[in-house]
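Step one of this worksheet: look at the structure below.
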Protein chains: 2
Amino acid sequence: MSDSQGNTTEASTALVGSKMRQAVPPRRQGGARRVSMREVAQQASVSVATVSMVLNDNPRISKATQIKVRRIIDKLGYRPNRLAQSLSSQYTRVLAVLLPPLRHAFSDPYFGELLSGICDRADRLGHKVMLESAKPDFLRERKLLELFERRFVDGMFCLGVNDRHPFVKDFAAAGFPMVCVNNYFPDLNLDYVVADYRSGAEQVMNVLLQLGHKKIALINGAPEAQTARDVFEVFTARMNDAGLETDAGWTADGRFIEEGGAAATDEIIDRHPDVTAIFAGNDKMALGAMHRLVELGRSVPGDVSVVGFDDIQQMAFVNPSLTTVHLPLYEVGARACELLVQRVRGKTDKISERLATHLVLRDSTSIVSGRS
Amino acid sequence: MSDSQGNTTEASTALVGSKMRQAVPPRRQGGARRVSMREVAQQASVSVATVSMVLNDNPRISKATQIKVRRIIDKLGYRPNRLAQSLSSQYTRVLAVLLPPLRHAFSDPYFGELLSGICDRADRLGHKVMLESAKPDFLRERKLLELFERRFVDGMFCLGVNDRHPFVKDFAAAGFPMVCVNNYFPDLNLDYVVADYRSGAEQVMNVLLQLGHKKIALINGAPEAQTARDVFEVFTARMNDAGLETDAGWTADGRFIEEGGAAATDEIIDRHPDVTAIFAGNDKMALGAMHRLVELGRSVPGDVSVVGFDDIQQMAFVNPSLTTVHLPLYEVGARACELLVQRVRGKTDKISERLATHLVLRDSTSIVSGRS
DNA sequence: ACGGTCTGGTAAACTGTTTAAGCAGTTAAC
DNA sequence: GTTAACTGCTTAAACAGTTTACCAGACCGT
C-alpha cells in the first residue's frame, strides 16, 4: 500500500527526512546556503511579486526596478527554485522518454540516434529529459500514467512501441501529451513523427529493378511494427507492378538482428538459390546476410546485391560498404521533441509527420550478373 | 538576462502560462480532473495532515483511519503531487547522469551498459534519472551547479570525465552529491565507483607471460583517464618484473577507437616487426588491431595474440573471438547508483569502490609461436 | 476641482505537500 | 502526587514560487 508514494525502499521516508532536518538546522545541502525570492525582495526593498515579474520579464516592471532587482539577484547568487515554479505554473518542463526494456537499448545505435535528437532539441527548448524503461510491471501498474498524474513530466516520447503493446491504446485514451517516435498506428489517434519508410522502400526497389534484378528477396523485421509492414507492402506492390514473383518464399523474418539476417538468408537461398538481390529491413540484418552469403561462397555484390535500411554509422566501413536507406533518426527525434513541446504548450492539432529518407548508394549493390 | 529562468525560448513563459489557464478554467490537463489532498481529507472527514501521514505509513495513525482514508484515496483516484512533495521535503528523488557530448554517446555500448545499470537500480530505489550532456557551454555557464541550486536533482553521476575536464574540480568544491562512474581522480576528494582496471591488467599480463610472450605491445587509450594510466602502469611494472623491454616504442595511443587501434598497430609493427602479442586498452582498439594485423598478413592468434579490455557484447562473435577483460559495467553503474542514493540521504563517508574484473579467455590468444 | 486612464507596484490568494507543535485524556514511573 | 510518556489526531507554519485584484500617484482633459 505504501507504494502510492512510489516508495518501496526500507525505512519510512518521513523518518529519514526528519532525521536529516534535525541534524542540519539552517537547511543546507551542498555547502551553499539557499537564497529565496523573499530575501531578494527584502534586500531590493520590493515585494516578491516584483521579483517574480522581473524574472519573467514582465513589461509592467520599470527599467529602474529591473536593474535594481537584477543587481541583488546577482549579488546573492539567487536561482529560482524550479519545484516551486512548477508547482505554481503547472509546467514541469520535463519530458519522459519511454524506451523498450531491452537490456541493451542504450547501446543500440537506432535508439541512440533518436535519443540524441530528442535530448539536444529538448535542451535547446529549455526542457529536461527523463528516462523510463517500459518494463512489464511498469506498464501494468499504470506507472506510466502516474508519471503525468503525479506531475513528473509534461509529455512523453514512446520509442520502440508496436502493436504488441496494448498500453499505447489505453494511454492514448487518457489524453496526455505523447508522441510516438518512428512508428505509428494508423487506426489509433496518436501523435507521431516517423521517417518515411515507404518512400525509402520505393527507392530501394527502384534501384534494384533498374539494376536489372528480378529475383529479389526481402528480409523483413518484426511485422508488429507498422513501418515494417509499410516496407513489406511497398516491396510487394513494386514487385507485382514489375510482374515479378513475390510468394512467401521470397520473404523471411530476420527479427531486426544480425543473426536473424543470417538465418533468413539461409532460408532464402534454400528456397531460391537463384536470388540476385536481398533487401533487408535494417542494416544489422543486411550485415548478417552479407556475412552469410560470403560464407556460402557467394560474392557481394558480384553474385548477390544487398541493400540495408537505417544507415547506421558502422555500415559505411564494412567491406563491401553497404548500400542502404538513410533514416534521419536524429532529426526524427529532434522534430518529435519540437512538436511535443508545442503540444504541451496547448497546440491541439494532431501531430503526424513523415521525414524524408534517401538512398545511399555504396558498394554492396551492382547490376545483375550475367549468369542469372 | 531572462536566462536566470533557464528560458531561452520565444514568448515569455508567464504569458503562455496565463493564457492556458484562462482557456481551461477548472484546471485540467489530460482529461482527468486532478484531485488534491484537501479533497481527500474533506471526504474522509480528517485533516490533510492525517492524509499525509496515512500516505507515509506513519505509525501514529490508527488502523481504522488508515482504512477509511485509503478507501477515499482509491475512490477518488488520488495521486500525491510530487512537485509539492519535493518542495516540502527537499528531496526530488531525481538523479542526473552527465554524459560526454559525443554525438553518439548513447549508441556506445560502454556508456550504454553503465546507463542501464544506473537506470535499473535507480528505478528500484524509487528514483528518476535525468540526462545531461556535458556540452562546453553547459559547463561554462555553471548549468551543472544550477541543476542542484534550482533543485532539479538530488545527485549526479559523471560518466566519461577525465583530467581534461576542469569543471570536475570546481564541482567537487561545491559539495553536491556526485559520483564519478568508472573513472577516478586520485588527488581529488571525489566519490567514485570503478571497475578494477589494475587487476584486469594484471590478469592480462599474467596470461600473456604464461603463454610465453616476450614481445608485448600496449595500445593504450586516452592518457588523461586515470584508469588508462593504471593499465599502463601495470603493463610497465609487469614487463619490468619479467625483465622485458618497455621503451616508448612498445606502446602507442589508439584513442579508444577502432581506427586508432589500426593506426597504432601500424606504428608498432613498424617499430617492432617481431611483436607477438598486443594488449589493447579496450575492445574497439583490439578489433582495429586484429583487422589491421590480418590485412598485414599476420594471423591472429597464430602470429600475434591480441587481448582487449571491456568485453563489449559483439566481441564474442567476431572471428577469432576476442580474449578480453570483462568489466562489470552494468554493476558499476548499479553500485554507483546505490551509493549515490545513500549519500543523498545523508551518509557522509567517502564513496570509493573498485569492482572485480576477470579475464575472458577466448580465441585471439595462444602460446607464442615457435618462430619468435 | 473633478472624473478618467495610465503606470508601476503591492498584498494576498494560490499551487499541494510535510511536519513541528499542541491537545486532552490515560497510564506508568519515580 | 507529580512528572513523563504515551494516544490519535488537528492546526498552522513552513516550502518557494505565480498570479490576480487592487491601489496610489501621475497625467490629462473638461
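Chain letters run A, B, ... following the sequence lines, proteins first and then strands; every chain starts at 1.
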What pairs with B:Y192 under ring-ring contact (aromatic ring centres under 6.0 Å, His included), at least two apart in sequence or on another chain?
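Expected list: B:Y184.
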Counterpart residues, ring-ring contact (aromatic ring centres under 6.0 Å, His included), relative to B:F167 (two or more places apart)
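ring-ring contact (aromatic ring centres under 6.0 Å, His included) list for B:F167, sorted by chain: B:H165.
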Identify whether any heavy atom of [X] sits under 4.0 Å from a base atom; if not, whether one sits that close to sugar-phosphate; answer base, sugar-phosphate or nothing.
X: B:V46; result: sugar-phosphate
X: A:S62; result: sugar-phosphate
X: B:R38; result: base

Heavy atoms from C-beta onward define the side chain here; which of [options] lies closest to that of [X]?
X: B:L87; options: D:dT10, D:dA16, D:dT19; value: D:dA16
X: B:I61; options: D:dC15, C:dT17, D:dC9; value: D:dC9
X: B:Q90; options: C:dT15, D:dA16, C:dT18; value: D:dA16
X: B:A84; options: D:dA16, C:dT17, D:dA12; value: C:dT17

Run the side-chain contact (heavy atoms from CB on, under 4.5 Å) test against [X] and tell me which residues pass, sequence neighbours left out.
X: B:A334; answer: B:R121
X: B:R71; answer: B:I67
X: B:M53; answer: B:N58, B:I61

Can you see if the side chain of [X] gets near the phosphate of [N] - specifically, an N or O under 4.0 Å from OP1 or OP2?
X: A:N56; N: D:dT18; value: yes
X: A:S36; N: D:dA16; value: no
X: A:Y91; N: D:dG17; value: no
X: B:S52; N: C:dT18; value: yes

Below 30° counts as parallel, above 60° as perpendicular, anything between as tilted: where do the rings of A:F171 and A:F176 land?
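Tilted, since the angle between the ring planes falls between 30° and 60°.
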Give the rounded distance in Å between these two atoms: [atom1] of [X] and [atom2] of [N].
X: B:N58; N: D:dG8; atom1: CG; atom2: C1'; value: 10 Å
X: B:E39; N: C:dG16; atom1: CD; atom2: P; value: 9 Å
X: A:R82; N: D:dG17; atom1: CZ; atom2: P; value: 12 Å

Quick tally for nucleotides 22-27 of chain C: nucleotides whose base has a protein heavy atom under 4.0 Å get B, sugar-phosphate-only ones S, the rest -, giving B-----
Between the base of C:dT10 and the side chain of A:S47, is there any donor-acceptor pair under 3.5 Å?
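Such a pair does not exist between side chain and base.
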By nearest heavy atom, map A:V48 and B:M53 onto DNA chain D; which one lands nearer the 5' end?
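Result of the comparison: B:M53.
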For A:S45 and B:N81, find the nucleotide of DNA chain C closest to each by heavy atoms; which residue's nucleotide sits nearer the 5' end?
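Result: A:S45.
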Please check: side-chain N/O of B:D123 versus main-chain N/O of B:C119, any donor-acceptor pairing under 3.5 Å?
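Answer holds: no.
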